[in-house]
Trainee: 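Sharing a structure, written as structure tokens. Questions coming.
For ligands, and for the atoms within them, numbers begin at 1 and follow the listed sequence.
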Amino acid sequence: MLQPLSILVLHGPNLNLLGQREPGIYGTTSLADVNRLLEAEGLKLQAKVFFIQSNHEGILVDAIHEAVGHHQGILMNAGAYTHTSVALRDAITGTNIPTVEVHLSNIYRREDFRHHSYIAPVVIGQISGFGVQSYVLGLQALVYHLRNQS
Ligand code: DQA
């Protein structure tokens with residue numbers, strides 16, 4: 001029997017606009033639909049997924065702190081905070097919760113300021129550029145990591 005896992009999915013700023021926001025870059029799938037996809041994938045992986053979206057850095061920091069003791073891993077698209085937030089990075093290192101970073105777009109094919117992630121050096125890994133599939137791949141990778149770590 002696999003141990004059921006609890007995963008927190010964190011969506012950062014402007015991701016509430018998914019589906020209508022720059023569809024040429026981010027696609028036409030809404031955030032609610034992304035969450036539904038992740039819920040379905042979670043069922044297959046025997047992982048329960050919980051979702052938080054916020055446009056506020058401090059709320060995301062609090063969510064990471066509050067994940068301790070409740071969730072075994074975090075799947076995070078920090079949006080623009082990826083490129084600016086030492087606080088989110090410190091929250092990940094401070095809580096030591098295994099985290100996978102995802103991006104819908106390939107941030108390395110875009111503007112220079114998107115090429116640097118403050119988060120990337122402190123996460124298990126990053127998946128970038130596969131649209132909504134980045135989230136699904138990220139969830140699979142996180143669950144695989146959690147089930148296979150010694
Ligand atoms: C994003 C990429 C970021 O550069 C941007 O600020 C976002 C979305 C992505 O999913 O591709 O808000 O994280």
Side-chain angles (χ1 to χ4, degrees), residues 5-45 47-68 70-146:
L5 292 171
S6 179
I7 304 296
L8 177 64
V9 179
L10 278 183
H11 302 287
N14 299 306
L15 291 166
N16 53 311
L17 298 179
L18 270 191
Q20 59 193 78
R21 169 193 185 203
E22 300 181 85
I25 297 175
Y26 298 117
T28 52
T29 307
S30 70
L31 190 63
D33 285 340
V34 171
N35 290 347
R36 269 191 279 275
L37 264 176
L38 288 173
E39 243 161 22
E41 190 61 29
L43 274 180
K44 290 186 208 158
L45 298 168
K48 182 128 184 61
V49 278
F50 297 84
F51 306 97
I52 294 177
Q53 187 278 326
S54 181
N55 296 321
H56 304 278
E57 190 175 13
I59 290 178
L60 295 166
V61 170
D62 286 344
I64 295 171
H65 293 180
E66 284 158 19
V68 176
H70 298 285
H71 304 289
Q72 284 82 51
I74 296 177
L75 182 70
M76 177 158 76
N77 183 352
Y81 289 141
T82 304
H83 318 297
T84 62
S85 182
V86 178
L88 282 178
R89 176 192 175 123
D90 286 352
I92 296 167
T93 52
T95 56
N96 217 14
I97 301 179
T99 300
V100 168
E101 172 183 355
V102 297
H103 300 284
L104 296 142
S105 62
N106 180 347
I107 56 175
Y108 303 101
R109 292 183 67 174
R110 301 184 61 196
E111 302 95 324
D112 285 354
F113 66 84
R114 295 185 205 274
H115 295 180
H116 179 257
S117 165
Y118 279 98
I119 316 289
V122 300
V123 296
I124 303 161
Q126 183 199 72
I127 297 170
S128 171
F130 295 95
V132 170
Q133 199 61 22
S134 289
Y135 280 97
V136 176
L137 293 167
L139 182 62
Q140 291 169 348
L142 179 58
V143 169
Y144 179 86
H145 173 87
L146 292 171

Trainee: Give me the ring orientation class for His83 and Phe113: parallel if the planes are under 30° apart, tilted from 30 to 60°, perpendicular past 60°.
Mentor: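 Ring orientation of His83 relative to Phe113: perpendicular.
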Trainee: Check ligand 1 against the protein and report each N/O to N/O distance under 3.5 Å, formatted as atom name, atom name, distance.
Mentor:
{"unit_1": "ligand 1", "atom_1": "4 (O)", "unit_2": "His83", "atom_2": "NE2", "d": "2.7"}
{"unit_1": "ligand 1", "atom_1": "4 (O)", "unit_2": "Arg114", "atom_2": "NH1", "d": "2.9"}
{"unit_1": "ligand 1", "atom_1": "6 (O)", "unit_2": "Ala80", "atom_2": "N", "d": "3.2"}
{"unit_1": "ligand 1", "atom_1": "6 (O)", "unit_2": "Arg114", "atom_2": "NH1", "d": "3.0"}
{"unit_1": "ligand 1", "atom_1": "10 (O)", "unit_2": "Asn77", "atom_2": "ND2", "d": "2.9"}
{"unit_1": "ligand 1", "atom_1": "10 (O)", "unit_2": "Leu104", "atom_2": "N", "d": "2.8"}
{"unit_1": "ligand 1", "atom_1": "11 (O)", "unit_2": "Leu104", "atom_2": "N", "d": "3.3"}
{"unit_1": "ligand 1", "atom_1": "11 (O)", "unit_2": "Ser105", "atom_2": "N", "d": "2.9"}
{"unit_1": "ligand 1", "atom_1": "11 (O)", "unit_2": "Ser105", "atom_2": "OG", "d": "2.6"}
{"unit_1": "ligand 1", "atom_1": "12 (O)", "unit_2": "Arg21", "atom_2": "NH1", "d": "3.2"}
{"unit_1": "ligand 1", "atom_1": "12 (O)", "unit_2": "Arg21", "atom_2": "NH2", "d": "2.9"}
{"unit_1": "ligand 1", "atom_1": "13 (O)", "unit_2": "Asn77", "atom_2": "OD1", "d": "2.8"}
{"unit_1": "ligand 1", "atom_1": "13 (O)", "unit_2": "His103", "atom_2": "ND1", "d": "2.8"}

Trainee: Between Glu39 and Arg36, does any side-chain N to carboxylate O distance fall below 4.0 Å?
Mentor: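 Looking at Glu39 and Arg36, the cut-off is not met.
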Trainee: Please determine, by modelled atom types, if Tyr108 and His103 share a side-chain donor-acceptor pair under 3.5 angstrom.
Mentor: no
Trainee: Report yes or no: is the cationic atom of Arg89 (NZ for Lys, CZ for Arg) under 6.0 Å from the centre of the six-membered ring of Tyr118, at an angle within 45° of the ring normal?
Mentor: no
Trainee: Look up atom NE2 in His11 and atom CG in Leu38, then write down how far apart they are to the nearest 0.5 Å.
Mentor: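 The distance works out to 6.5 Å.
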Trainee: Determine, stepwise, if the pair Thr82 / Glu101 fulfils side chain to side chain donor-acceptor pair (under 3.5 Å).
Mentor: CA-CA 9 Å; Thr82 304; Glu101 172 183 355; 4.6 Å; no
